[in-house]
Asker: 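Structure incoming, see below.
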Amino acid sequence: MTDVKNSATSEEQAAPSTPASAAPAEPTKKSNVTRRQVLAMTGCGVAGLVVGGVLASWGVTQQAIASGRIDLRTTPTKMIITDRARCSGCQRCEMSCTLKNDGYVDQHIARVRVWDTYNFGYGVGSGGGIYGDCEFTVKNCYQCKDARCMEFCPTHAIHPDEKTGARVVDAELCIGCGMCTQACPWNMPRVNSKTNVSTKCVSCGRCAEQCPNGAIQFVDWEDIAQKAIDEGVVSATTIYQY
């Protein structure tokens, strides 16, 4: 018995002592709730979440959408919210996007763009941009389910990312032909003239992180699911069934 105690004591002395208060806190882990799960749990689409007030805390209301102020994009893991009223036209989103994804600043190949709408907002006569009411429009990839850029790529270089669901470009397969740009109704993909590879939004969220006014938000579907519980749209029991 004495040997066991001495052995334990020796091991305790050999091991570095760490106060309980100094122990690193466990990071909060996301449960990877997806768009499909949330919509199935709530029994409604994105429009139903808006009407039900689930997205109101992120500034998404029926009035804001109807006025053209708020625009929504969705991926399997995120909801991307852009707010025209918060955009000051600083273009920091474009600069930070290319700095992270390309290693240098080049707004022409940014995956998110304000410059395209700098003069006329949504278009001539739309009342936006510097020739209208100075409300700029943040444009980013719609991450279409049936993406035309992916459909018309001759080398099949565009595919859904397994983790995020975003449509991404395989640089090794891309030949820089620009078919993706021509096929996209919003001309979002751009071919980098230096690398001859198409640039495409990968939903990294850098633009949202660097926006000084909160004009771009990347919201986890898990947070939306929690808000649905808080608003009584769906019960916690239903959440865990999925």
Side-chain angles (χ1 to χ4, degrees), residues 32-51 54-55 58 60 62 65-66 68 70-84 93-94 97 101 108-114 116-117 122-123 126 137-192 196-208 216-225 228 242:
N32 298 320
V33 175
T34 66
R35 171 183 58 199
R36 178 178 296 180
Q37 289 173 319
V38 173
L39 299 184
M41 290 183 290
T42 57
C44 64
V46 174
L49 296 177
V50 176
V51 174
V54 175
L55 305 177
W58 292 284
V60 182
Q62 296 181 72
I65 292 178
I70 294 288
D71 203 0
L72 301 178
R73 309 282 190 278
T74 63
T75 71
T77 58
K78 304 284 185 182
M79 175 175 284
I80 306 168
I81 304 168
T82 56
D83 187 340
R84 293 188 76 208
C93 56
E94 299 172 334
C97 168
N101 291 288
H108 175 72
I109 57 174
R111 288 85 173 155
V112 56
R113 291 196 289 275
V114 177
D116 288 1
T117 63
Y122 281 119
S126 67
T137 300
V138 181
K139 294 177 64 178
N140 52 18
C141 179
Y142 279 84
Q143 300 296 353
C144 308
K145 181 179 180 181
D146 300 316
R148 293 176 65 86
C149 61
M150 184 168 62
E151 178 184 353
F152 285 92
C153 177
T155 60
H156 306 289
I158 301 177
H159 63 278
D161 182 86
E162 293 182 0
K163 184 177 180 181
T164 66
R167 274 57 179 165
V168 297
V169 177
D170 186 330
E172 295 184 1
L173 295 178
C174 179
I175 58 175
C177 66
M179 282 296 294
C180 53
T181 304
Q182 297 180 49
C184 175
W186 302 278
N187 296 318
M188 290 308 299
R190 294 283 176 86
V191 176
N192 187 330
N196 202 37
V197 172
S198 177
T199 61
K200 182 83 169 53
C201 176
V202 296
S203 296
C204 69
R206 184 65 171 174
C207 56
I216 308 172
Q217 300 178 73
F218 276 61
V219 183
D220 290 319
W221 280 101
E222 180 175 359
D223 295 330
I224 297 173
Y242 290 85

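Please read all numbers here as calculations on a predicted model, not as lab measurements. In what follows, residues are counted from 1 in the order of the sequence shown.
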Asker: Show every side chain to side chain donor-acceptor pair (under 3.5 Å) that has at least one partner inside residues 155-165, sequence neighbours left out.
Answerer: D161-T164
Asker: Take D71 and R73, measure what salt bridge (charged side-chain N to carboxylate O under 4.0 Å, His left out) needs, and give me the verdict at the end.
Answerer: CA-CA 7 Å; D71 203 0; R73 309 282 190 278; 2.7 Å; yes
Asker: How many angstroms lie between CD in Q217 and CG in L55, if you round to the nearest 0.5 Å?
Answerer: 10.5 Å
Asker: Could you pull out the closest heavy-atom pair between P189 and T181, with the gap in Å?
Answerer: O-OG1, 2.7 Å
Asker: Do you know the tightest heavy-atom contact between N101 and C204?
Answerer: ND2-SG, 3.9 Å
Asker: Side chains of E151 and D146, heavy atoms from C-beta outward: is any pair under 4.5 Å?
Answerer: no
Asker: With sequence neighbours excluded, tell me which residues meet side chain to side chain contact (heavy atoms under 4.5 Å, CB included) with R84.
Answerer: Y122, E135, T137
Asker: Does Q37 use its side chain to pair, donor to acceptor, with the backbone of T34 at less than 3.5 Å?
Answerer: yes
Asker: Heavy atoms only: give me the nearest C180-I158 pair and the separation to one decimal.
Answerer: CB-CD1, 3.9 Å
Asker: Between V54 and I224, is there a side-chain heavy-atom distance shorter than 4.5 Å?
Answerer: yes
Asker: With sequence neighbours left out, what residues match K78 under side chain to side chain contact (heavy atoms under 4.5 Å, CB included)?
Answerer: T75, F218, D220
Asker: Report the residues that fulfil side chain to side chain contact (heavy atoms under 4.5 Å, CB included) with D116, sequence neighbours left out, ordered by chain and then residue number.
Answerer: R113, K139, R190
Asker: Is there side-chain contact between C141 and K200, with heavy atoms separated by less than 4.5 Å?
Answerer: yes
Asker: side-chain contact (heavy atoms from CB on, under 4.5 Å) between V33 and M41: does it pass, once the steps are laid out?
Answerer: CA-CA 11 Å; V33 175; M41 290 183 290; 4.1 Å; yes
Asker: Run the side-chain contact (heavy atoms from CB on, under 4.5 Å) test on I216 and C93 for me, step by step, so that the C-alpha distance in whole Å, both residues' side-chain angles and the decisive distance to 0.1 Å come before the verdict.
Answerer: CA-CA 9 Å; I216 308 172; C93 56; 3.9 Å; yes
Asker: Under 4.5 Å between any side-chain heavy atoms of D83 and I81, yes or no?
Answerer: no
Asker: Enter the distance from C97:SG to I109:CD1 here, rounded to the nearest 0.5 Å.
Answerer: 8.0 Å
Asker: Work out which heavy atom in V112 is nearest to a heavy atom in C207; give both atom names and the distance.
Answerer: CG1-CB, 3.8 Å
Asker: Distance from C149 atom SG to N187 atom CG, nearest 0.5 Å?
Answerer: 11.5 Å
Asker: Once side-chain hydrogen bond (donor to acceptor under 3.5 Å, both in side chains) is applied, do any residues pair with T74, and if so which ones, sequence neighbours excluded?
Answerer: R35
Asker: Could you tell me the separation between the OG atom of S198 and the CG atom of L173, rounded to the nearest 0.5 Å?
Answerer: 12.5 Å
Asker: Are the side chain of E94 and the backbone N or O of V114 linked by a donor-acceptor pair below 3.5 Å?
Answerer: yes
Asker: Taking the side chain as every heavy atom from C-beta outward, state whether C201 and M188 have any atom pair closer than 4.5 Å.
Answerer: no
Asker: Which heavy atom of Q143 sits nearest to which heavy atom of R167, and what is that distance?
Answerer: OE1-N, 2.8 Å
Asker: Would you name the heavy atoms of L49 and W221 that are closest together and state the gap between them?
Answerer: CD1-CZ3, 3.9 Å
Asker: Evaluate the criterion side-chain contact (heavy atoms from CB on, under 4.5 Å) for residue pair V50 and I65; output intermediate values, then yes/no.
Answerer: CA-CA 9 Å; V50 176; I65 292 178; 4.0 Å; yes
Asker: R111: what forms a side-chain hydrogen bond (donor to acceptor under 3.5 Å, both in side chains) with it, not counting sequence neighbours?
Answerer: D102
Asker: In chain order, what residues pass the side chain to side chain contact (heavy atoms under 4.5 Å, CB included) check against C144, with sequence neighbours excluded?
Answerer: Y142, A147, W186
Asker: Passes side-chain contact (heavy atoms from CB on, under 4.5 Å), T199 versus V191? Steps please.
Answerer: CA-CA 6 Å; T199 61; V191 176; over 6 Å; no
Asker: Roughly how far, to the nearest 0.5 Å, is the CG atom of L72 from the CD1 atom of I70?
Answerer: 7.5 Å
Asker: Should D223 and M79 count as side-chain neighbours, where that means a heavy-atom distance under 4.5 Å?
Answerer: no
